[in-house]
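Below is one structure, written out as C-alpha cells; comments come after it.
Basis for what follows: all heavy atoms, side chains included, without hydrogens, waters or symmetry-related copies. Reminder, nothing fancy here: chain letters follow the sequence lines and each chain counts from 1.
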Number of protein chains: 2
Amino acid sequence: MAEAKLNKFAAEDVSLADVAKSLGHPARIRILKILTDMNLCMCGDIVDQLPLSQATVSQHLKELKRVGLIKGNVEGPKTCYCIDNQRIEEIRDKFANLFSKVCCGSACK
Amino acid sequence: MAEAKLNKFAAEDVSLADVAKSLGHPARIRILKILTDMNLCMCGDIVDQLPLSQATVSQHLKELKRVGLIKGNVEGPKTCYCIDNQRIEEIRDKFANLFSKVCCGSACK
DNA sequence: ATCGTATATCGTAAATTTACGATTAATGAT
DNA sequence: ATCATTAATCGTAAATTTACGATATACGAT
C-alpha cells in the first residue's frame, strides 16, 4: 500500500485480514487442498501439481508457512509439508465468527 | 502478478481465492463488521469510522461489492450499504468446506 | 437556477505481489 | 571427492493494490 496505516486498525482485524490475504491466491488454495488430501507431501509433489515454476511454488509455500497454515520440515534434501491442523481450526473459527452474526435476510431490498 | 496464469487453475479455486483476497485488508474486515453490527448504514457513517479518506473507503466498498459481500443502493445523494446475507452464507460455507477435511491432528511432528 | 452535501471516479505515486531464471545450499549416492 | 537431486533464496520485471487529492455527479434544499 502507499502508506502503512495498518497500525490504525485493530490487531484482530489486521491479523484476520493477513490470513485472508494469504488465502487470496488460487495456487495457495490449491496447495491447501492438496495437503489436506495427501495428508503430507514433498515439496516436489506440490510443484508437479501446479502450473508454476519451482521458485514460485516455493514462494507460495513460504507465505502459507508465514501465516501458520502449513508446516514444513526438512528431511535431508527434501522438505515435507503438511497442514497445521491446530492453526487451521483456529482460523476456521475466526472466519466462522466473522460470518456468524449474519443470519436473517439482508436489510437492503 | 507478472503473468495471469489464473486460467490454469480451477474456477472454484480462483473464485474462492478472489473472495479471500477481498477479505485481505483490515479496512474491509472492519467494514463487514460495521455493517454486520449496524445492519445497514450510510457510506458516510463508514467513512467516519475508518482512518482512511473518503476516496479510499469508496474504493474498498467497491471491492466488497464486486465480490458480492455487500450491496449498496443509492438513496438520493446518499448510498446505503448492507451485507448481502445470502452471499455471505454461501461464502461461509465455502470456507467451512475448505477447512472441514482437516480434523485429526497434523501429520508432521 | 444555485448551492451544499454525499459519494463515485480519475489520475497518480508508492508499496506490494507474482512470477521466473539463476544461483546457492544441503544432502545422498557413486 | 564428485555428481545429481531437491528446495530455498536472490535479483528483477511486470502487474496489482493501496492511498489520496481533485474532480465529477447526483440529488435535495433554498
Practice task
Give A/Gln59 one of three labels, base, sugar-phosphate or nothing, depending on what nucleic acid heavy atoms sit under 4.0 Å from its own.
Solution key: base
Handout entry: Distance, rounded to the nearest Å, where A/Ile46 contributes CD1 and D/dA8 contributes C1'
Key = 14 Å
Exercise for the section: Whole angstrom is fine here: how far is it from CZ in B/Arg66 over to C1' in D/dT18? Expected result: 15 Å
Exercise for the section: Consider the side chain of A/Ser58, meaning its heavy atoms from C-beta on, and name the nucleotide among C/dT18, C/dT27, D/dA8 that approaches it most closely. Expected result: D/dA8
Problem - B/Tyr81 vs C/dA8: side-chain N/O to OP1/OP2 distance below 4.0 Å - result: yes
Fill in the blank from the handout: DNA chain C nearest-nucleotide lookup for A/Gln54 and A/Ala27: closer to the 5′ end is A/Ala27
Practice task
Figure out the CZ/P separation between A/Phe9 and D/dT18, and round it to whole Å.
Solution key: 11 Å
Exercise for the section: Write down the distance between CD (B/Glu63) and P (C/dT7), rounded to a whole number of angstrom. Expected result: 20 Å
Problem - Within 6.0 Å of CD in A/Glu12, more than 12 heavy atoms from elsewhere - result: no
Fill in the blank from the handout: Side-chain atoms of A/Lys62 come closest, of D/dT9, D/dC20, C/dG21, to D/dT9
Problem - Whole-Å distance separating the CG atom of B/Asp48 from the P atom of C/dT5 - result: 14 Å
Practice task
Could you tell me whether the phosphate oxygens of C/dA6, OP1 or OP2, come under 4.0 Å of any side-chain nitrogen or oxygen in B/Thr79?
Solution key: no
Practice task
Measure from the side chain of A/His25, starting at C-beta and using heavy atoms only, and say which of C/dT18, C/dT9, C/dA8 lies closest.
Solution key: C/dT18
Handout entry: Neighbour count >12 (heavy atoms, 6.0 Å) for atom NZ, B/Lys78
Key = no
Exercise for the section: Begin from the C-alpha positions of B/Ile31 and B/Leu35 and carry the test side-chain contact (heavy atoms from CB on, under 4.5 Å) through to its verdict. Expected result: CA-CA 6 Å; B/Ile31 289 170; B/Leu35 287 179; 4.1 Å; yes
Problem - Residue-phosphate contact under 4.0 Å: A/His60 side-chain N/O, C/dT17 OP1/OP2 - result: no
Problem - d(CG, B/Asn73; P, D/dC27) in whole Å - result: 13 Å
Problem - Atom-pair distance (CG on A/Leu61; C1' on C/dT17), nearest Å - result: 16 Å
Exercise for the section: Name the nucleic acid region contacted by A/Thr56, choosing base, sugar-phosphate or nothing; use a 4.0 angstrom heavy-atom cut-off, strictly under. Expected result: base
Handout entry: N or O in side chain of B/Lys78 less than 4.0 angstrom from D/dG28 OP1/OP2
Key = no
Problem - Check: A/Arg87 side chain, A/Val67 main-chain N or O, donor-acceptor pair, under 3.5 Å - result: yes
Exercise for the section: Please determine, for the side chain of B/Pro77, which listed nucleotide (C/dC20, D/dT6, D/dG28) has the closest atom? Expected result: D/dG28
Handout entry: Donor-acceptor contact present, side-chain A/Ser58 to main-chain A/Ala55, <3.5 Å
Key = no
Exercise for the section: Round to the nearest Å and state the distance from A/Met42 atom CE to D/dA7 atom P. Expected result: 8 Å
